[in-house]
Number of protein chains: 2
Amino acid sequence: MVVLETVADLQPVGVSELAAHLKQPKTSVQRALETLHEASWIRPAVGERTRWELTFRASRLARKAGNHFGLREAALPIMEQLRRETNETIHLAVLDDFEIVLIERLESPHAVRHVEPLGGRAPVLSTATGKAMLSCMDGDEVARVYNEAVKAESQSVAVAPPPSLDALMAELAEIAARGYATTTSWRQDVFATGAVIVAADRRPIAALSVSTPAGRATPENRALHAQLLPIAAQQISEHLF
Amino acid sequence: MVVLETVADLQPVGVSELAAHLKQPKTSVQRALETLHEASWIRPAVGERTRWELTFRASRLARKAGNHFGLREAALPIMEQLRRETNETIHLAVLDDFEIVLIERLESPHAVRHVEPLGGRAPVLSTATGKAMLSCMDGDEVARVYNEAVKAESQSVAVAPPPSLDALMAELAEIAARGYATTTSWRQDVFATGAVIVAADRRPIAALSVSTPAGRATPENRALHAQLLPIAAQQISEHLF
DNA sequence: GTACGATGTTCCAAATTACGGAACGAATTT
DNA sequence: AAATTCGTTCCGTAATTTGGAACATCGTAC
């Protein structure tokens, strides 16, 4: 499986290059490639015979990941309604380790709109969806995610300096109390409102967000989003079980 | 890896149920689950301890599958431009076995619009994207895909009766000559135009499509799409290498 | 409250499989 | 023409997997 993930990073890639990256004997890597090929997870690259690339086998799994108890099906109709009511882009995201993954998106009909790539990832600490999900997790788990996220962010280009853990905890308490999170720090000029979707036991499953360009983030619109979003998220939570 | 795929289908699922489905000893399945868990491909289901569900590890791969030579990055700006010029929904799809997989989507700004779920699959024989891709494959390969697709469709609810292989071949020749495919048979009330994106050696990589509700599919709009789409697909093909 | 069925887990010896160094052929570069 | 790089094959050793059986745990029915 490590070979598979490395092929994903380096594709199209041959045996020797892989072996060098993995610091493993060529023979072992060769065998792994044969196995992955037999199972149709990889195939020879277009027009080549000895370099490999991914097939779409992984994508069939990916569609099912994070779809616990029919999340996508439960969420889409309510997302559609929310888009009608707000005319803004609606995102559905789940938490993976210390990152937010976008699993569904409905775009705003406006000409100026906020669009994230499908399947894209975003930092948990600076997004409305991320903070909404953290707001209903217990302290230990928040601390764990916080540490991993800070470590990861310090290695990449800093989007914004992460808040202290104490400041974050205070903000999360506030978010939990009022039922929604907001942010502008992830994408400049985008104002986002996020609310959490929970399982029957109140554990966080996913988060829903409304994203609007800063120019349209009037007090009236902010208030509208803050009012509608928690209700929509709540409806999805109830439809899950 | 078979266990992994079965977990995807049955999640959340326990050892015994899996073993029964796979007709394998419980012990072997148990070991596979342990391994997958250690590698973070699965985790205990939310609020449970002995049933398993997928993590998002597969999604990281899925994003890279079908992204040969930076397809997504090359395609997006041109897709944006195409949306501006047509005001209709633009889809980017690739071929997986005998199905079309949607890997990127930009929605029409119109209130009435055609929306497919992200990562969704569609039959190759009845979609514009599918036929566009087939149109630049050689006869043997088309026949192979045709047979598999017919076999698969016969098991599910028939969307439309598949054409004969000869009729298909004739249509593909026409599509290849004029540079674009059209269809209305996949989704009723949706008129789609598709064109193929090729590698340097003219092998098909992906397909681009413009989808419009039947009501807006006027002769003028059809002509506009038929004119713009092959150019856009061609531009993406050239940017790939 | 106890018996039952279903489910998850552990153990262990036999047998299969993986391991990886070395050698080889083919393709490309010097 | 020699040298390097790359993919592939071979093979004895060694480690791992295998799966039946026993055990543990949970929920349920009587």
Side-chain angles (χ1 to χ4, degrees), chain A residues 1-55 57-58 61 64-65 68-70 199-203 240-241, chain B residues 1-55 57-58 61 64-65 68-70 199-203 240-241:
Chain A
M1 308 205 85
V2 174
V3 170
L4 179 65
E5 293 177 89
T6 312
V7 170
D9 287 331
L10 304 176
Q11 67 174 325
V13 66
V15 180
S16 296
E17 192 182 346
L18 273 172
H21 266 263
L22 295 166
K23 289 166 186 164
Q24 290 285 320
K26 269 199 302 185
T27 313
S28 306
V29 175
Q30 169 92 313
R31 263 195 307 270
L33 287 175
E34 271 172 35
T35 305
L36 290 169
H37 181 45
E38 279 167 30
S40 291
W41 284 76
I42 61 172
R43 66 167 168 229
V46 273
E48 305 196 42
R49 202 182 52 87
T50 59
R51 292 163 85 205
W52 303 87
E53 65 187 13
L54 295 186
T55 66
R57 188 145 278 240
L61 294 193
K64 292 172 181 168
H68 318 308
F69 311 101
D201 58 0
R202 313 256 338 135
R203 289 170 58 96
L240 278 183
F241 296 92
Chain B
M1 307 202 85
V2 175
V3 171
L4 179 64
E5 293 177 88
T6 313
V7 170
D9 286 331
L10 305 176
Q11 68 173 324
V13 65
V15 180
S16 297
E17 192 182 344
L18 273 171
H21 267 263
L22 294 166
K23 290 166 186 164
Q24 291 286 321
K26 267 199 305 184
T27 313
S28 307
V29 175
Q30 169 91 313
R31 263 195 307 270
L33 287 175
E34 271 172 34
T35 305
L36 290 169
H37 181 47
E38 279 167 28
S40 291
W41 282 76
I42 61 173
R43 62 161 173 239
V46 274
E48 306 196 42
R49 202 182 52 88
T50 59
R51 293 165 84 205
W52 302 88
E53 64 187 15
L54 295 186
T55 66
R57 188 149 280 242
L61 294 192
K64 291 173 180 167
H68 318 309
F69 311 103
D201 58 1
R202 312 249 347 128
R203 288 169 60 95
L240 278 183
F241 297 94

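Here is how names work: the chains are called A, B, and so on, in the same order as the sequence lines, proteins then strands, and each is numbered from 1.
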Does dT8(D) have its OP1 or OP2 closer than 4.0 Å to a side-chain nitrogen or oxygen of Gln30(A)?
yes
Roughly, in whole Å, what's the span from NE2 in His37(A) to P in dG7(D)?
15 Å
dist Leu22(B):CG -> Glu5(B):CD (nearest 0.5 Å) comes out at 10.5 Å
Quick one: Leu33(A) CG to dT9(D) P, roughly how many Å, whole number?
13 Å
Please give me the minimum heavy-atom distance between Ala45(A) and Glu53(A), naming the atom from each residue.
CA-CD, 3.5 Å
Where is the tightest heavy-atom contact between Leu61(B) and Trp41(B), given as atom of each residue plus distance?
CD1-CH2, 3.6 Å
I'd like to know if the side chain of Gln11(B) and the backbone of Lys64(A) have a donor-acceptor N/O pair within less than 3.5 Å.
yes
In whole angstroms, the gap separating P of dA18(C) from CD of Glu34(A) amounts to 11 Å
Could you give the CG-to-P distance, from Leu18(B) to dT7(C), as a whole number of Å?
12 Å
Is the number of heavy atoms from other residues, nucleotides or ligands within 6.0 Å of CZ (Arg202(B)) greater than 12?
no
Rounded to the nearest 0.5 Å, what separation is found between the CG atom of Leu10(B) and the CG atom of Leu18(B)?
6.0 Å
Starting from the first five and the last five pairs of the helix from dG1(C)-dC30(D) to dT30(C)-dA1(D), work out the angle between the resulting helix axes, to 10 degrees.
40°
Take atom CD of Glu48(B) and atom C1' of dT25(D), then tell me their distance rounded to the nearest Å.
16 Å
Let me have a per-nucleotide readout for nucleotides 25-30 of chain C, 5' to 3', with B, S or -, counting only protein heavy atoms under 4.0 Å.
------
Drop me the distance from Ser16(B)'s OG to Gln30(B)'s CD, to the nearest 0.5 angstrom.
9.0 Å
Rounded to the nearest angstrom, tell me the gap between atom CD in Glu17(A) and atom P in dT5(D).
14 Å
Just N and O in the side chain of Ser16(A): are any of them under 4.0 Å from OP1 or OP2 of dT5(D)?
no
Roughly how far, to the nearest 0.5 Å, is the OG1 atom of Thr35(A) from the CG atom of Leu4(A)?
11.5 Å
Can you tell me how far apart OG (Ser40(A)) and CG (Leu54(A)) are? Round to the nearest 0.5 Å.
12.5 Å
Show each protein N/O and nucleotides 15-22 of chain D N/O combination with a separation under 3.5 Å, one pair to a line.
from    : atom 1 : to       : atom 2 : distance (Å)
dG19(D) : OP2    : Ser28(B) : OG     : 3.1
dG20(D) : O6     : Thr27(B) : OG1    : 3.1

Least distance between heavy atoms, Met1(B) atom then Leu36(A) atom:
SD-CD2, 3.7 Å
Nearest 0.5 Å please: distance from the CZ atom of Arg57(B) over to the CZ atom of Arg43(B).
12.0 Å
